[in-house]
Student: 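What follows is a structure written as structure tokens; I'll ask about it next.
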Amino acid sequence: MSQSTNITWHESGISKEQRRQQNNHHSFVLWFTGLSGSGKSTIANAVAKQLYNREIRNYVLDGDNIRFGLNKNLGFSVEDRTENIRRIGEVSKLFVDSGQVVLTAFISPFQEDRDQVRHILEESEFIEVYVDCPIEECEKRDPKGLYKKARSGEIKEFTGIDSPYERPQNPELVIKTGENSIEECANEVIVYLRSKNFI
Ligand SMILES: Nc1ncnc2c1ncn2[C@@H]1O[C@H](COP(=O)(O)OS(=O)(=O)O)[C@@H](OP(=O)(O)O)[C@H]1O
Ligand SMILES: Nc1ncnc2c1ncn2[C@@H]1O[C@H](COP(=O)(O)OP(=O)(O)O)[C@@H](O)[C@H]1O
């Protein structure tokens, strides 16, 4: 891939702080990470609905959807997953700059890639949420039939089967979707955000 040269950063006339002030809330990323079927999308969307009801501007970026468009040229090799997360991180940063809350639902299996996203944001702008669910339960749910395909060898490099998942070392939040209901898990996130005065 070639690199751009002769480019200059253009400052916007409206600052992030001004946008936040107009929206009347903080802007940040809720980064959900976990195995396929752990409940990232379900919880992200449940939280998004609660935020919407509180008039907090937000948007969900979801793994499958992004791979239909922006990242349609990426597969599931280690390198492609890293590039996937790098791009999502940059997109998330734009959302934060626009004064919105962004909820991301990507497996994002590598600690280093998640840390990279954390580092391009400010400290109060990145909340790593580990959607913790035993693989046995994810496999039992198998909402898209992908574990079955991975077990039969039809899908290669499937996370948790023949591709690694690195559990977050120091996440801001851990939610256990194998033990608690969807509503309870979503409420845990809302309680955390309130405790930090983010909402
Ligand atoms: N090999 C392999 N491994 C894991 N997942 C696979 C694979 N092939 C397809 N899928 C489907 O793609 C979704 C994961 O995409 P992500 O962009 O979140 O993955 S990653 O963060 O780049 O690892 C994932 O979505 P979720 O089930 O919502 O996690 C799957 O539906
Ligand atoms: N407590 C829970 N939290 C999240 N999802 C749950 C929970 N209990 C059961 N589920 C079910 O598990 C599945 C999770 O799928 P999904 O949200 O697509 O996971 P992911 O985005 O991590 O692949 C859904 O069918 C959902 O209804």
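Whatever order the structure lists ligands and atoms in, that order sets their numbers, starting from 1.
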Student: Report yes if the side chains of I56 and N23 come closer than 4.5 Å at any heavy-atom pair, otherwise no.
Tutor: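 No. Closest side-chain heavy atoms not under 4.5 Å.
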Student: How close does the nearest protein non-hydrogen atom get to atom 1 (N) of ligand 2, and which residue and atom is it?
Tutor: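 Of every protein heavy atom, N180 O, 2.6 Å lies nearest to atom 1 (N) of ligand 2.
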Student: For E183 and S181, does a side-chain donor sit closer than 3.5 Å to a side-chain acceptor?
Tutor: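 No, because no side-chain N or O of E183 sits under 3.5 Å from a partner of the opposite role on S181.
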Student: Given side chains that start at C-beta, do those of F95 and V29 come closer than 4.5 Å, heavy atoms only?
Tutor: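 No; the side chains remain at least 4.5 Å from each other.
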Student: Starting from atom 21 (O) of ligand 1, which protein heavy atom do you reach first, and at what distance in Å?
Tutor: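 Going by distance alone, atom 21 (O) of ligand 1 is nearest to S108 N, 2.8 Å.
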Student: Run through R118, K196, R20 and flag the one making a salt bridge (Lys or Arg N to Asp or Glu O under 4.0 Å) with E125.
Tutor: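 For E125, the salt bridge (Lys or Arg N to Asp or Glu O under 4.0 Å) test succeeds with only one of R118, K196, R20, which is R20.
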Student: Check this for me, if you would: do E157 and R81 make a salt bridge, where the nitrogen-to-carboxylate-oxygen distance has to be below 4.0 angstrom?
Tutor: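 So E157 does not pair with R81 through a salt bridge.
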Student: Strictly by modelled atom types, are Q50 and N187 linked by a side-chain donor-acceptor pair under 3.5 Å?
Tutor: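 Yes, because at least one side-chain N or O of Q50 sits under 3.5 Å from a partner of the opposite role on N187.
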Student: Under a 4.0 angstrom heavy-atom cut-off, which atoms of ligand 2 come close to L35?
Tutor: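 Checking each atom against L35, I get 22 (O).
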Student: Would you mind checking which non-hydrogen protein atom is closest to atom 20 (S) of ligand 1, with the distance to 0.1 Å?
Tutor: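 Protein heavy atom with the smallest distance to atom 20 (S) of ligand 1: N84 ND2, 3.7 Å.
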Student: Just need the protein heavy atom nearest to atom 23 (O) of ligand 2, so name the residue and atom and give the distance.
Tutor: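 Sorting protein heavy atoms by distance from atom 23 (O) of ligand 2 puts G37 N, 2.7 Å first.
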Student: Between K156 and ligand 1, which part of the residue brings a heavy atom under 4.0 Å of the ligand: side chain, backbone, both or neither?
Tutor: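 Near ligand 1, K156 shows its backbone, while the atoms from C-beta on stay back.
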Student: Please check this pair: side chain of D132 against backbone of V174, looking for a donor-acceptor N/O pair closer than 3.5 Å.
Tutor: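 Side chain of D132 to backbone of V174: no pair is present.
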Student: To check your reading of the model: name the closest protein heavy atom to atom 17 (O) of ligand 2, its residue, and the distance in Å.
Tutor: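 Heavy-atom neighbour on the protein nearest atom 17 (O) of ligand 2: T42 OG1, 2.4 Å.
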Student: Are any of the side-chain nitrogens in K93 or E90 under 4.0 Å away from the carboxylate oxygens of its partner?
Tutor: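 E90 and K93: not salt-bridged.
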Student: Out of T159, I175, D62, I43, indicate the one that has the non-hydrogen atom closest to atom 4 (C) of ligand 2.
Tutor: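 When every heavy atom of T159, I175, D62, I43 is considered, I43 comes closest to atom 4 (C) of ligand 2.
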Student: Show the atoms of ligand 1 that are less than 4.0 angstrom away from any heavy atom in F158.
Tutor: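 It comes down to these atoms of ligand 1: 1 (N), 2 (C), 3 (N), 4 (C), 5 (N), 6 (C), 7 (C).
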Student: Give the residue, atom name and distance (to 0.1 Å) of the protein heavy atom nearest atom 10 (N) of ligand 1.
Tutor: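 Ranking protein heavy atoms by distance from atom 10 (N) of ligand 1, first comes F76 CZ, 3.4 Å.
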Student: If you count the atoms of ligand 1 from 1 in the order shown, which ones are under 4.0 Å from a heavy atom of T159?
Tutor: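 It comes down to these atoms of ligand 1: 3 (N), 4 (C).
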Student: E157 heavy atoms, cut-off 4.0 Å: which ligand 1 atoms fall inside?
Tutor: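 The list of qualifying atoms is 1 (N), 2 (C), 3 (N).
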Student: Atoms of ligand 1 less than 4.0 Å from S36 heavy atoms?
Tutor: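 Per the distance check, 26 (P), 27 (O), 29 (O).
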Student: What residue pairs, at least two apart or across chains, pass ring-ring contact (aromatic ring centres under 6.0 Å, His included) with a residue in residues 169-199?
Tutor: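 Residue pairs with at least one partner in residues 169-199: H26-F198, F28-F198.
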Student: Give the atom numbers and elements of ligand 2 that come within less than 4.0 Å of a heavy atom of S181.
Tutor: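 Near S181, meaning under 4.0 Å from one of its heavy atoms, ligand 2 has 1 (N).
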Student: Examine the proximity of ligand 1 to I107 and report which part, side chain or backbone, both or neither, has a heavy atom under 4.0 Å away.
Tutor: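 Answer for I107: both.
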Student: Might you point out which heavy atoms bring I107 and T33 nearest each other, and give the distance in Å?
Tutor: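 I107 and T33 have their closest heavy atoms at O-OG1, 2.8 Å.
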Student: Quick one: CD1 on I66 to CD1 on I88, what's the gap to the nearest 0.5 Å?
Tutor: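 The CD1 atom of I88 is 4.5 Å from CD1 of I66, to the nearest 0.5 Å.
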Student: Between K144 and ligand 2, does any nitrogen or oxygen pair lie at a separation below 3.5 Å?
Tutor: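 N/O-N/O distance below 3.5 Å does not exist for this pair.
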Student: Using a strict 4.0 Å cut-off to heavy atoms of K144, name the atoms of ligand 1 that fall inside it.
Tutor: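 With K144 as reference, the close atoms of ligand 1 come out as 25 (O), 26 (P), 27 (O), 28 (O), 31 (O).
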Student: Looking at every non-hydrogen atom in both residues, tell me the closest pair between P164 and T159 and how far apart they are.
Tutor: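 Taking P164 first and T159 second, the nearest heavy atoms are O-CG2, 3.9 Å.
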Student: What is the closest protein heavy atom to atom 11 (C) of ligand 1, and at what distance does it sit?
Tutor: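 Result for atom 11 (C) of ligand 1: D64 OD1, 3.7 Å.
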Student: Can you list the residues that meet the ring pair (Phe, Tyr, Trp, His ring centres under 6.0 Å) rule with F76, with sequence neighbours excluded?
Tutor: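 In terms of ring pair (Phe, Tyr, Trp, His ring centres under 6.0 Å), with neighbours along the sequence ignored, F76 is linked to no residue.
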Student: Just by modelled atom types, is the H119 backbone N or O under 3.5 Å from a matching donor or acceptor in the D115 side chain?
Tutor: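 Flag not set: sc D115 to bb H119 has no pair under 3.5 Å.
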Student: Taking 4.0 Å as the limit for heavy-atom contacts, which would you say applies to R81 with ligand 1: side chain only, backbone only, both, or neither?
Tutor: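 Under 4.0 Å from ligand 1, R81 contributes backbone and side-chain atoms.
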Student: Where on L146 is there a heavy atom closer than 4.0 Å to ligand 1, on the side chain, on the backbone, on both, or on neither?
Tutor: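 The part of L146 near ligand 1 is the side chain, not the backbone.
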Student: If the cut-off is 4.0 Å to any non-hydrogen atom of S36, which atoms of ligand 2 fall inside it?
Tutor: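 What qualifies from ligand 2 is 23 (O).
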Student: Can you pull out the closest protein heavy atom to atom 16 (P) of ligand 1? Residue, atom name and distance to 0.1 Å, please.
Tutor: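 The closest heavy atom on the protein side is R67 NE, 3.6 Å.
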Student: Using a 4.0 Å cutoff against the non-hydrogen atoms of G39, which atoms of ligand 2 qualify?
Tutor: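 Going through ligand 2 atom by atom, the ones under 4.0 Å from G39 are 4 (C), 5 (N), 14 (C), 16 (P), 17 (O), 19 (O), 20 (P), 22 (O).
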Student: Yes or no: does P109 have any heavy atom under 4.0 Å from an atom of ligand 1?
Tutor: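 The answer is yes, since P109 has a heavy atom less than 4.0 Å from ligand 1.
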Student: Side chain, backbone, both or neither: which part of I85 comes within less than 4.0 Å of ligand 1 when only heavy atoms are counted?
Tutor: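 Only the side chain of I85 comes within reach of ligand 1.
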Student: Which residue and atom name correspond to the protein heavy atom nearest atom 2 (C) of ligand 2, and how close is it?
Tutor: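 Protein heavy atom with the smallest distance to atom 2 (C) of ligand 2: I182 CG1, 3.4 Å.
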Student: Is the closest basic N to carboxylate O distance between R86 and E83 below 4.0 Å?
Tutor: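 Counted as a salt bridge, because a side-chain N and a carboxylate O are separated by less than 4.0 Å.
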Student: Note the single closest protein heavy atom to atom 29 (O) of ligand 1, along with its residue, its atom name and the distance in Å.
Tutor: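 For atom 29 (O) of ligand 1, the nearest protein heavy atom comes out as K40 NZ, 2.9 Å.
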Student: Does only the side chain of F106 get under 4.0 Å from ligand 1, or the backbone, or both, or neither? Count heavy atoms.
Tutor: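 Answer for F106: both.
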Student: In the protein, what heavy atom is nearest to atom 8 (N) of ligand 2, and what distance, to one decimal place, separates them?
Tutor: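 The closest heavy atom on the protein side is R141 NH2, 3.5 Å.
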Student: Tell me which protein heavy atom sits closest to atom 25 (O) of ligand 2, plus the residue, atom name and distance to 0.1 Å.
Tutor: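 Minimum-distance protein heavy atom for atom 25 (O) of ligand 2 reads P143 CB, 4.2 Å.
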Student: Without hydrogens or angle criteria, can the side chains of R114 and Q111 be said to hold a donor-acceptor pair below 3.5 Å?
Tutor: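 There is such a pair between these side chains.
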Student: Please tell me if the side chains of I127 and L193 come closer than 4.5 Å, counting only heavy atoms from C-beta onward.
Tutor: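 The answer is yes, as the side chains (C-beta and beyond) meet within the 4.5 Å cut-off.
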